[in-house]
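Inspection log for the structure reproduced underneath, given as structure tokens.
Every value quoted in this text rests on a predicted model; they were computed, and no experiment measured them. Whatever order the structure lists ligands and atoms in, that order sets their numbers, starting from 1.
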Amino acid sequence: MRIERARGTRDFLPKEMRKRRILEVRMRELAERWGYEEIGTPTFELAELFTLKSGEAILKEMYEFEDKGGRHLALRPELTAPVIRMYVNELKMASKPIKVYYFGNCFRYEEPQKARYREFWQFGVELIGSDRPEAQAEVIALAFSILKSLGIKAELHVGHVGLIREKLRDAKVEEEKINKVMRLIDKGEREEVIAFMNEIGVKREVIDDLLRLIDLKGEEALKEAHDHTIIVPESDALKELEMLLEMLNYYGVAYTLNLGIARGLDYYTGMVFEIYEAGGVLGAENQICGGGSYRLAALFGGDEVPSTGFAFGFDRLAELFRLETRDLKRKEVVVVPVRERDTNDRGVVKEAIKIASKLREFFTTQIDVMNRSLSAQLSYANAIHASFAVLVGKNELKEEKVTLRYLNTGEQEKLGVEECVERIKAYFDVK
Ligand code: HAM
């Protein structure tokens, strides 16, 4: 019986895994250069952590189960709620802002398609302690600089859920209903937005204003929002947004203002942003990053603490990321014990192992583990695209030398071990 992978999951072969690892390391380095430190949280949590505030959409997609002790658990669909839970449990007293990043797998029971999986990875940051425009701008600029360093062309859309929420609060709509409107806006279900607002008795003028507000995009959006007075007077959200946009200019970050961004998660309270791939590679699932300002700590038993963060869809970035040729070059050496036919020549094997250990101080080095002939060992070395074979045989040992073979040309020379190491180092440009 052949057992298939579970739907929406993937295997990663060595080549793909190598690329993902290089990508991950690059992202880590950047986040750390901005002062963010890595944290880790469990893969599963009490389901309640996500049911409290993440919103209906996430709940429908959650992998939930009961463990043998009867606890109601869930595989994490995202990492913001776990990070804030960890903050409340472990980090409340730490100096603010607390800047953390994470890289981990998430699970959502979605309909799998290109770039949409049931198990996927997120690389994200959370800045705990501020949702001021300075924090918002920093977080967006960090996301932007990560994409720039990866050479990925993308479009940043910035909005503010406060504008829509203020408008609905002003019209005396209850919070739960506001959350539902936000979710419908996020899904782009315009007719349903209208139908739902009619159903809950929102006035015609308010509905019209709101529809105009969520359509506003680009340079003129703020001006139009003022002119039409479709936002509430003296809007705090608007002031915050204007300051954020000014700060994004300081960072040299190009953005499109998009007042229709609502985000699918319920916890956002302020600025929200989404980044879309610009090259058309990903198709419909082209959102590569999402984030914003939110408040979750009080919900999990802490003091109210404003926070701002984002998460990249790592798998989507991996799809877009192109390795440079220098990343592809395998720096690999194969040590070849040359034995007398059909013997397990202990002296040669012992020396070959010693030499392999020496080489491993600098390079990836493999040694035969199948007692194969010289020609079989060399064809394996060629098959794995190793650059060098180091031949260790009786004759070489008598002279305290090895034979270094350049696999791409077939040339070879006899050298002392130290000299051989230096030759390979020079070739691989290893100091
Ligand atoms: P999100 O927009 O739900 O936000 O997810 C972030 C990113 O994860 C998306 O932009 C997308 O690239 C990727 N993603 C989501 N679902 C899938 C999937 N099924 N397959 C592949 N990639 C996917 C959050 O999760 C928030 N926690 C972000 C955040 C952090 N907000 C504040 N801090």
- Would you say R108 and ligand 1 have an N/O pair spaced under 3.5 Å apart? yes
- Task: Would you tell me whether E166 and S235 have side-chain atoms, one donor and one acceptor, within less than 3.5 Å of each other?
- Result: yes
- Note on the structure: When distances are taken from atom 1 (P) of ligand 1, the protein heavy atom at minimum range is R263 NH2, 3.6 Å
- Query: Do any N or O atoms from the side chain of R76 and from the backbone of A81 form a donor-acceptor pair under 3.5 angstrom?
  - Reply: no
- Message: If we set the cut-off at 4.0 Å for heavy atoms, which region of P77 has an atom near ligand 1: side chain, backbone, both, or neither?
- Response: neither
- Any chance the side chains of Y36 and E32 put a donor and an acceptor closer than 3.5 Å? no
- Query: Donor-acceptor pair, E274 side chain versus I261 backbone, under 3.5 Å?
  - Reply: no
- Hey, is E274 one of the residues with a heavy atom under 4.0 angstrom from ligand 1? no
- Query: Counting distance only, does the side-chain N/O of K19 pair as donor-acceptor with the main-chain N or O of A318 below 3.5 Å?
  - Reply: yes
- For G291, the atoms of ligand 1 under 4.0 Å from one of its heavy atoms are 31 (N)
- Task: Run the ring-centre check on W121 versus Y102 and record whether the distance is less than 6.0 Å.
- Result: no
- Message: Closer than 3.5 angstrom, by distance alone: can the side chain of T308 be matched with the main-chain N or O of S130 as a donor-acceptor pair?
- Response: yes
- Message: Less than 4.0 Å is my threshold; does some heavy atom of G124 fall inside it relative to ligand 1?
- Response: no
- In ligand 1, the atoms that come under 4.0 Å of a heavy atom of G290 are 10 (O), 28 (C), 29 (C)
- Task: Mind telling me whether Y101 and F123 have parallel, tilted or perpendicular rings, with 30° and 60° as the class edges?
- Result: parallel
- Sub-4.0 Å atoms of ligand 1 with respect to non-hydrogen atoms of Y267: 26 (C), 27 (N)
- R212 and D208: CA distance, side-chain angles, deciding distance, salt bridge (charged side-chain N to carboxylate O under 4.0 Å, His left out) verdict: CA-CA 6 Å; R212 250 189 284 160; D208 287 345; over 6 Å; no
- Part of E285 within contact of ligand 1 (heavy atoms, under 4.0 Å): neither
- Under 3.5 Å, N or O to N or O, is T80 touching ligand 1 that way? yes
- Mode of R118 contact toward ligand 1 - side chain, backbone, both, neither (heavy atoms, under 4.0 Å): neither
- Message: Would R116 count as a polar contact of ligand 1, with the cut-off being nitrogen or oxygen pairs under 3.5 Å?
- Response: no
- Message: Any atom of ligand 1 sitting under 4.0 Å from a heavy atom of D315?
- Response: no
- Task: Could you check whether the rings of Y63 and Y109 sit parallel, tilted or perpendicular, using 30° and 60° as the cut-offs?
- Result: perpendicular
- Message: Between Y255 and H157 (judged by ring centroids, cut-off 6.0 Å), do the two rings come close enough to count as a pair?
- Response: no
- Output yes when the distance from some N or O of ligand 1 to some N or O of E78 is under 3.5 Å, and no in every other case. yes
- Closest non-hydrogen protein atom to atom 19 (N) of ligand 1, residue and atom name please, with distance? E110 OE2, 2.6 Å
- Heavy atom of Y268, distance to ligand 1 below 4.0 Å: yes
- Query: Can you check whether L378's main-chain N or O pairs, donor with acceptor, with N382's side chain at less than 3.5 Å?
  - Reply: yes
- Task: Report the nearest protein non-hydrogen atom to atom 5 (O) of ligand 1: residue, atom name, distance rounded to 0.1 Å.
- Result: Q122 NE2, 3.2 Å
- Task: Measure L265 to ligand 1 on non-hydrogen atoms and call it side chain, backbone, both or neither using the 4.0 Å cut-off.
- Result: side chain
- For ligand 1, which atoms sit closer than 4.0 Å to a heavy atom of F310? 29 (C), 30 (C), 32 (C), 33 (N)
- Message: Considering non-hydrogen atoms of the protein only, which is the closest contact for atom 14 (N) of ligand 1, and what is the distance?
- Response: F120 CE1, 3.6 Å
- In this structure, atom 20 (N) of ligand 1 is nearest to the protein heavy atom Y117 N, 3.1 Å
- Item | Within reach of ligand 1, part of C289 (heavy-atom separation under 4.0 Å) | backbone
- Under 3.5 Å, side chain of Q122 to main-chain N/O of G124, donor-acceptor pair present? no
- Aromatic ring proximity Y251/F144, centre distance under 6.0 Å: no
- Which of the ligand 1 atoms, numbered from 1, are nearer than 4.0 Å to a heavy atom of I288: 10 (O), 12 (O)
- Please could you name the atoms of ligand 1 that E126 approaches to less than 4.0 Å, counting only its heavy atoms? 30 (C), 32 (C), 33 (N)
- Run the contact test for F314 against ligand 1 with a 4.0 Å cut-off on heavy atoms, strictly below, and give the result. no
- Item | Residue, atom name and distance, where the atom is the protein heavy atom closest to atom 13 (C) of ligand 1 | G313 CA, 3.5 Å
- Report the part of Q287 in contact with ligand 1, treating N, CA, C, O as backbone and CB onward as side chain, heavy atoms under 4.0 Å; options are side chain, backbone, both, neither. both
- Does R316 reach the main-chain N or O of A115 with its side chain, forming a donor-acceptor pair under 3.5 Å? yes
- Message: salt bridge (charged side-chain N to carboxylate O under 4.0 Å, His left out) for E176 and K180? Distances and angles first, verdict last.
- Response: CA-CA 6 Å; E176 261 322 294; K180 172 139 190 199; over 6 Å; no
- Message: Quick one, V334 and F388 - any side-chain contact, counting heavy atoms below 4.5 Å?
- Response: no
- Query: For atom 21 (C) of ligand 1, what is the nearest protein heavy atom, given as residue, atom name and distance?
  - Reply: A115 O, 3.4 Å
- Item | G309: numbered ligand 1 atoms lying under 4.0 Å from its heavy atoms | 30 (C), 31 (N), 32 (C), 33 (N)
